[in-house]
Amino acid sequence: MPMLIRGARVIDPGKLDQVSDVLIEKGRIAAVQPVGTLDRVGGESGLQIIEAQGLWLTPGLIDMHVHFREPGQEYKETILTGSQAAAAGGFTAVATMPNTDPVNDDPAITHLILNRAAEAGLVRVLPVAAISKGIKGEQLCEFGELKAAGAVGVSDDGRPVMNAQLMRRALEYAAAFDLLVVSHCEDLHLAEGGAMNEGVNATRMGLSGIPNAAESVMVMRDIALAQLTGAPVHIAHVSARQSVTAIRRAKEEGIRVTAETAPHYFTLTDAAVAGYNTHAKMNPPLRSEQDREAVRQGLADGTLDAIATDHAPHSVMEKEVEFDRAANGIIGLETSLPLGLKLVQEGVLTIDTLITRMAEAPARILGLERGVRVGLTADLTLIDPDKVFTVKAADSKSKSRNTPFEGWQLKGKAVMTILGGKITYKDFGTED
Amino acid sequence: MPLERKDILDIASLSRQEIQLILDTAESMKEISERPIKKVPTLRGKTVVLFFYEPSTRTRLSFDLAAKRLSADSLAISADMSSLVKGETLLDTARTLESMRPDVVVLRHAYSGAPQFLAERIKASVINAGDGTHAHPTQALLDMLTIRQHKKTLSGLRIAIVGDITHSRVARSNIEGLTKMGSKVVLAGPPTMMPHGIEALGAEVAGSMDAAIQGADVVMMLRIQKERQKRFTIATEREYARQYGLNRERLALAKPDTVVMHPGPINRGVEIAPDVADGPHSLILNQVTNGVAVRMALLYLVLGGGRNADAD
């Protein structure tokens with residue numbers, strides 16, 4: 001059934017920012033017109049009308065870094081529950097990291113992920129396969145086969161590629177298949193034994209610290225390798241100010257580097273670990289106020305291209321334990337957009353920039369097309385910028401509850417997610 | 001005056017008045033250990049579980065003696081006999097312990113924050129007997145008691161702490177306690193063993209060991225763990241001993257009436273020369289004696305001592 005979204009402020013970064021009516025037919029955007037001019041389209045029968053006055057309509061959001069845990073750790077998340085959380089967060093596409101069990105280093109696993117995603121049918125799942133077999137850093141995966149199976153990129157995420165020669169070869173080889181290389185930048189020797197950011201808070205709590213340099217030396221290495229090979233590299237979850245500086249300089253020099261950061265890095269600092277809060281434990285760790293500021297600046301000036309959640313579900317078994325033993329990571333799909341909107345409310349980003357970071361840039365990096373333009377697939381997100389709500393982990397669509405934002409009052413969220421013209425999530429009254 | 005808190009988790013959370021109260025109570029407990037019959041009925045019927053996830057002889061014995069001298073029933077669980085090896089989590093252990101209705105759980109754990117984790121989940125009082133590299137409040141309290149006995153005050157002193165500060169929960173708790181009581185703590189050690197931002201705890205970092213010891217009222221040496229060499233924090237024990245070991249020549253830089261302390265067990269000839277450890281300035285054995293008194297005081301206070309008359 002065709003759908004008419006009436007009276008929303010349409011925000012298509014860099015292209016359009018205007019209150020408009022949007023018509024969707026056969027899963028595609030059929031018209032974007034001034035308000036009132038599309039009223040009679042479709043006649044009385046079979047037109048679903050969505051009254052969206054006061055709401056924002058944006059290209060469907062993309063989270064280019066999530067962990068859906070399937071296959072292998074279905075007690076934490078499945079592709080279905082992860083997809084539900086994604087849709088509820090306003091996302092229409094997610095890139096899933098390969099550190100499942102077994103690792104996504106084989107076309108059969110890639111197929112399985114895509115099949116499960118198709119069954120769920122709530123979000124486009126873009127599998128990122130492994131760089132090395134078993135993410136062990138020893139042998140390259142068959143990139144050609146993985147690409148043919150549907151992988152959009154390769155990464156050993158969760159573990160860094162410590163061997164610089166392997167990284168060089170991965171960049172060169174991936175370029176042959178137009179696969180994006182996503183780098184988890186962490187020097188394992190510098191980070192060894194660390195449980196949180198190195199600094200006063202770690203010293204006070206007697207926790208072993210992970211210095212910024214554990215990340216930034218690898219960012220600098222990967223920039224050097226991108227320059228050497230001429231192949232693009234994407235830096236995952238940037239947390240340290242030195243990494244932001246290095247990426248900024250590399251971009252100025254024309255090196256093909258892109259980068260993402262996660263909402264927790266622009267929202268929290270390592271002070272959140274106080275009381276040994278395992279929901280504030282992640283890798284890379286939450287950093288200092290200076291780092292948080294640098295990450296915000298990086299998002300504002302485009303050094304950091306994308307916001308990605310690193311959605312990392314863990315059960316209470318992994319989190320309600322001693323801090324040192326707790327698993328790294330937090331869920332993030334349902335709080336990402338609201339925390340991004342907080343940056344807009346605080347004047348750090350314009351709404352146009354936020355949507356660029358959450359839709360346009362990830363699409364560009366992954367080679368997808370996103371927008372609110374005639375002819376494009378109708379992957380869209382409808383946002384209520386004024387809706388105030390309290391984060392309740394118990395209400396999360398994710399199977400896991402590991403969020404440091406429990407009880408936070410946030411303003412603005414996705415109220416409808418549309419995938420190929422079909423509603424995958426709805427949180428407001430509509431008239432049919 | 002009672003101590004209005006369930007748990008003793010670290011020194012940072014104790015007020016000056018609370019530290020004073022604990023030390024005063026410990027002072028009055030000392031006498032019990034000097035009697036021919038070293039036992040009072042104060043904590044009769046109370047159960048104290050000594051839960052040691054990490055091996056420790058002196059702290060466990062000290063707590064065990066403290067409990068027994070106050071007539072509490074104490075039982076010790078150590079890592080090798082606990083279910084930990086069978087994969088039980090601390091959460092499950094906490095629930096199991098809770099079902100046994102202990103009054104106090106004394107916890108030694110290799111991970112920082114484990115006592116707080118336990119304290120938040122059980123009704124019994126939790127006393128931290130050392131957690132990871134975070135805190136060792138009973139050690140700091142017994143150190144403060146020892147210093148107070150010899151210096152008649154805890155304020156205005158210059159206290160040097162030397163060694164592996166990064167990995168020392170004793171150093172952290174002493175820095176917090178001694179600065180809170182009005183003394184100046186000066187640290188020395190190889191830069192590889194000096195944690196980031198330690199000044200924020202109130203200590204000063206000296207450029208050299210000699211600078212730290214200069215004019216010190218107290219010199220506290222920390223145990224150097226031999227396995228550190230593997231993590232590149234020291235070159236060799238030999239060089240460590242020469243650069244950061246306490247010997248008679250170095251000790252001469254301190255005040256003439258300086259005292260030397262060490263939480264034990266000591267590595268003779270590494271961080272401390274044998275003649276200094278056994279010399280006239282050494283209070284190492286007084287620390288052990290005071291340990292029992294401080295732990296008696298803490299058991300007494302967390303179980304409501306000072307709140308009613310039967311607490312003798």
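All values derive from a computational prediction rather than experimental measurement.
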Fill in: Choice from A:Met317, A:His189, A:Arg204 maximising heavy atom contacts with chain B below 4.5 Å
A:Arg204
Item to complete: Only one of A:Glu77, A:Lys319, A:Lys76, A:Arg401 passes side-chain hydrogen bond (donor to acceptor under 3.5 Å, both in side chains) with A:His314; say which it is.
Response: A:Lys76
Fill in: A:Tyr75 six-ring face occupied by A:Lys399 cation (under 6.0 Å, within 45°)
no
Practice prompt. Against chain A, label B:Arg169 side chain, backbone, both or neither, depending on which of its atoms sit under 4.5 Å from a heavy atom there.
Written response: neither
Discussion item. For chain A, which candidate among B:Gly132, B:Ala12, B:Ala200 shows the most heavy-atom pairs at distances under 4.5 Å?
Written reply: B:Ala200
Discussion item. Quick one, A:Leu410 and A:Thr390 - any side-chain contact, counting heavy atoms below 4.5 Å?
Written reply: no
Worksheet entry | Test of ring centre spacing under 6.0 Å for B:His134 and B:Tyr111 | no
